[in-house]
Amino acid sequence: MRDVLPGLAGNPALTADLFARLAASGDEDVLDALAGRERLTTPQTGALLAAGDQALTSFLVRSGRVPWSDVPEDHPRRALDAVLGGVAPLAVWWEAATDPDPEVRQEVAYELDSPGEVVAALAHDADPRVVAVAAGNPRLPAALLPSLARHPSTVVRAAVAENENAPAALLAALLADGGDPAPTRCGACHRREAACPDHTPGIRRVRLAAAARPDVPPAGLAAFLDAPECGTVTTFAARTDLPTGFLERLAAHPAADVRAVIGANPAVPETLLRTLATDPDPEVRQAVVENPAVPLDLLVTVAARHRLPDDTAPRVESATEAELHGLARSRVAQVRALVAGRTLLPAALVERLLADPDPGVARRIADRPDLTPEQLAALVERHGPPVFRAAARHPGCPAALLHRVASDPAAGRRVLREVARHPATRSETLLLCLAADAPDVRSHAATHPALPVRALESLLEGPDRELTRAAAENPALPESLMERIAVQAGLQR
């Protein structure tokens with residue numbers, strides 16, 4: 001039964017006495033489950049600290065649950081954990097920033113909550129790795145960025161280019177040639193005495209970092225339009241201030257990821273959008289549908305020819321009521337489904353789409369949170385299994401309908417999973433879910449608070465240890481059963 005204790009440790013209804021006994025068990029998995037609880041009282045945190053587990057103490061301190069005064073004085077890296085947990089006073093920040101271990105200083109330099117004066121000091125660190133991390137921290141005083149942009153190492157210069165406070169003129173200089181004077185160190189040699197014979201790859205990384213910044217002047221991006229580094233190209237391809245000629249070249253980029261970003265860019269001319277709508281890659285065509293500026297006739301054309309995922313279309317979200325009525329009358333079911341998925345929809349259109357004969361439209365309309373239980377039931381009766389899952393995950397789905405869905409032989413694993421975790425599901429329906437041939441469905445049912453006590457007892461005594469552990473987590477588990485688990489696992493009072 002000891003392997004069930006981590007489940008009991010995660011039970012929201014765990015008593016204070018059992019918490020203390022579990023914390024005293026010394027079991028690593030149990031301690032991790034206790035520490036991962038959503039809320040811990042001060043005594044509970046103290047009980048976990050008293051376990052003396054170094055990793056557990058670090059977790060608690062780094063999660064901000066332990067005030068600085070309560071962090072054990074003998075805890076290794078006490079200062080760093082307090083810094084990362086946001087509980088360190090200024091003097092402790094300085095203590096961590098002067099730690100002899102450069103990895104500790106790097107972590108301090110990376111923290112977005114670091115005091116500006118601490119980051120400034122680390123920008124002059126003897127270790128270039130620490131300097132590079134500090135150079136990218138937005139808490140670094142902006143006055144230091146120009147000097148760091150002249151640092152010998154390309155690693156530091158790339159970090160400057162990534163700093164959100166780097167001015168446009170500085171970014172333009174780094175974009176052009178990696179900065180002046182020419183760097184003498186790169187990522188391969190910036191910690192070695194001997195320099196590499198060629199820093200071209202490092203300079204390239206500096207320029208790419210600058211190219212990815214939204215405030216770099218767009219004219220400097222001309223040399224990167226056909227770049228193979230798609231991560232950078234997709235970043236600046238989303239900009240709405242690019243010249244038309246740039247957009248046209250990016251629309252012909254060999255990487256579909258780049259073309260997809262252009263397809264979703266609202267600044268792309270209509271003629272170019274119509275070209276991208278015929279792209280052989282479905283990701284690109286989907287991006288065109290998601291473009292806020294896509295003409296409605298083009299949206300309909302793409303939806304008529306290609307299968308679309310169940311995503312909201314921004315152009316449909318911004319459509320006028322007259323446009324919505326026109327789309328709702330479309331012969332293309334996917335178009336009507338896009339209307340059904342709109343966040344705000346006039347009541348008349350909701351009624352119209354509720355009567356739509358297409359299951360895809362029914363699935364989208366069933367997701368609407370404003371549907372009544374009667375409307376959900378009508379959708380289930382009209383369309384059957386295709387709308388079971390949408391109905392079962394609806395927050396307003398009544399218990400009777402959940403039971404009706406779960407009882408249907410066509411209800412698959414995904415449907416039953418939604419039923420098993422729905423708060424309105426009744427005990428008799430949960431028993432159906434426990435009989436499902438799907439471990440995740442059974443686990444959800446075992447943790448549901450509506451599960452009868454007799455079923456919980458049966459699970460605790462059963463051979464399936466995963467289900468036993470899930471039952472131990474059930475917040476409806478009586479204290480008497482919790483105590484039975486603890487005694488059988490050998491926990492001392």
Side-chain angles (χ1 to χ4, degrees), residues 286 289-290 292 294-426 429 432-433:
Q286 172 65 19
V289 171
E290 294 173 353
V294 63
L296 287 179
D297 71 290
L298 182 57
L299 185 151
V300 172
T301 298
V302 176
R305 296 175 180 173
H306 306 285
R307 182 177 176 83
L308 303 177
D310 289 341
D311 294 325
T312 302
R315 180 62 183 88
V316 175
E317 288 287 318
S318 64
T320 65
E321 187 165 343
E323 289 173 331
L324 288 173
H325 278 277
L327 293 172
R329 292 192 297 269
S330 173
R331 294 181 179 180
V332 181
Q334 284 197 116
V335 173
R336 303 196 304 275
L338 288 174
V339 178
R342 191 177 190 263
T343 305
L344 297 176
L345 205 57
L349 278 180
V350 173
E351 290 295 333
R352 178 189 183 95
L353 294 168
L354 280 169
D356 196 286
D358 185 80
V361 177
R363 280 195 300 269
R364 296 297 295 275
I365 204 73
D367 280 331
R368 302 193 65 79
D370 52 350
L371 290 193
T372 65
E374 293 75 19
Q375 289 171 325
L376 278 174
L379 284 172
V380 167
E381 294 308 317
R382 183 181 304 118
H383 295 280
V387 298
F388 280 180
R389 187 179 177 212
R393 67 172 173 241
H394 194 284
C397 189
L401 186 57
L402 289 166
H403 191 78
R404 148 82 175 90
V405 167
S407 303
D408 195 294
R413 181 182 64 85
R414 294 194 300 172
V415 173
L416 292 175
R417 185 175 58 208
E418 300 294 345
V419 172
R421 59 189 181 188
H422 197 289
T425 301
R426 295 189 303 231
T429 310
L432 291 176
C433 294

Distance, nearest 0.5 Å, that separates CG of Asp356 from CG of Leu349: 11.5 Å
Any side-chain heavy atom of Arg414 sitting closer than 4.5 Å to one from Arg393? no
So, for Gln375 and Asp370, which heavy atoms are closest and what is the spacing to 0.1 Å? OE1-O, 4.3 Å
Could you give me the CA-CA distance, side-chain angles and deciding distance for Leu371 and Val350, then say whether side chain to side chain contact (heavy atoms under 4.5 Å, CB included) is met? CA-CA 9 Å; Leu371 290 193; Val350 173; 4.1 Å; yes
Shortest non-hydrogen pair, Val300 vs Leu327, comes out as CG2-CD2, 3.9 Å
Apply salt bridge (Lys or Arg N to Asp or Glu O under 4.0 Å) to Asp408 and Arg404, showing your working. CA-CA 7 Å; Asp408 195 294; Arg404 148 82 175 90; 3.2 Å; yes
Using the side chain to side chain contact (heavy atoms under 4.5 Å, CB included) rule, take His403 and Leu432 through it: C-alpha gap first, then chi angles, then the decisive distance, then the call. CA-CA 9 Å; His403 191 78; Leu432 291 176; 3.6 Å; yes
Spatial distance of atom CG (Leu353) from atom CD1 (Ile365) [nearest 0.5 Å]: 4.5 Å
Take Arg352 and His325 through the side chain to side chain contact (heavy atoms under 4.5 Å, CB included) test and state the conclusion after the steps. CA-CA 10 Å; Arg352 178 189 183 95; His325 278 277; 5.7 Å; no
Smallest separation among heavy atoms of Asp311 and Glu290, with atom names: OD2-OE2, 3.6 Å
Taking every non-hydrogen atom, the tightest pair across Leu376 and Ala366: CD2-O, 3.9 Å
Approximate separation, where rounding is to 0.5 Å, of Arg315 CZ and Leu298 CG: 11.5 Å
Between His394 (side chain only) and Arg368 (backbone N and O only), is there a donor and an acceptor less than 3.5 Å apart? yes
Give the intermediate values and the outcome of side chain to side chain contact (heavy atoms under 4.5 Å, CB included) for residues Val294 and Val302. CA-CA 11 Å; Val294 63; Val302 176; over 6 Å; no
So does Thr312 get a backbone contact from the side chain of Arg342, meaning a donor-acceptor N/O pair under 3.5 Å? no
Taking all non-hydrogen atoms of both residues into account, name the closest pair between Val361 and Ala337 and its distance. CG2-N, 3.8 Å
Residue pair Pro386 / Pro359: nearest heavy atoms and the distance that separates them: CB-CB, 3.9 Å
Can Asp367 and Arg363 be counted as an ion pair, charged N to O under 4.0 angstrom? no
Side-chain touch Leu324/Val316, heavy atoms, less than 4.5 angstrom: yes
Measure from the side-chain N and O atoms of Arg336 to the backbone N and O of Ser330, and report whether any donor-acceptor pair falls under 3.5 Å. yes
Main-chain N/O of Ala303 paired to Gln334 side chain as donor or acceptor, under 3.5 Å: yes
Are the side chain of Arg382 and the backbone N or O of Leu354 linked by a donor-acceptor pair below 3.5 Å? yes
Within-4.5 Å side-chain heavy-atom neighbours: Val419 and Cys433: yes
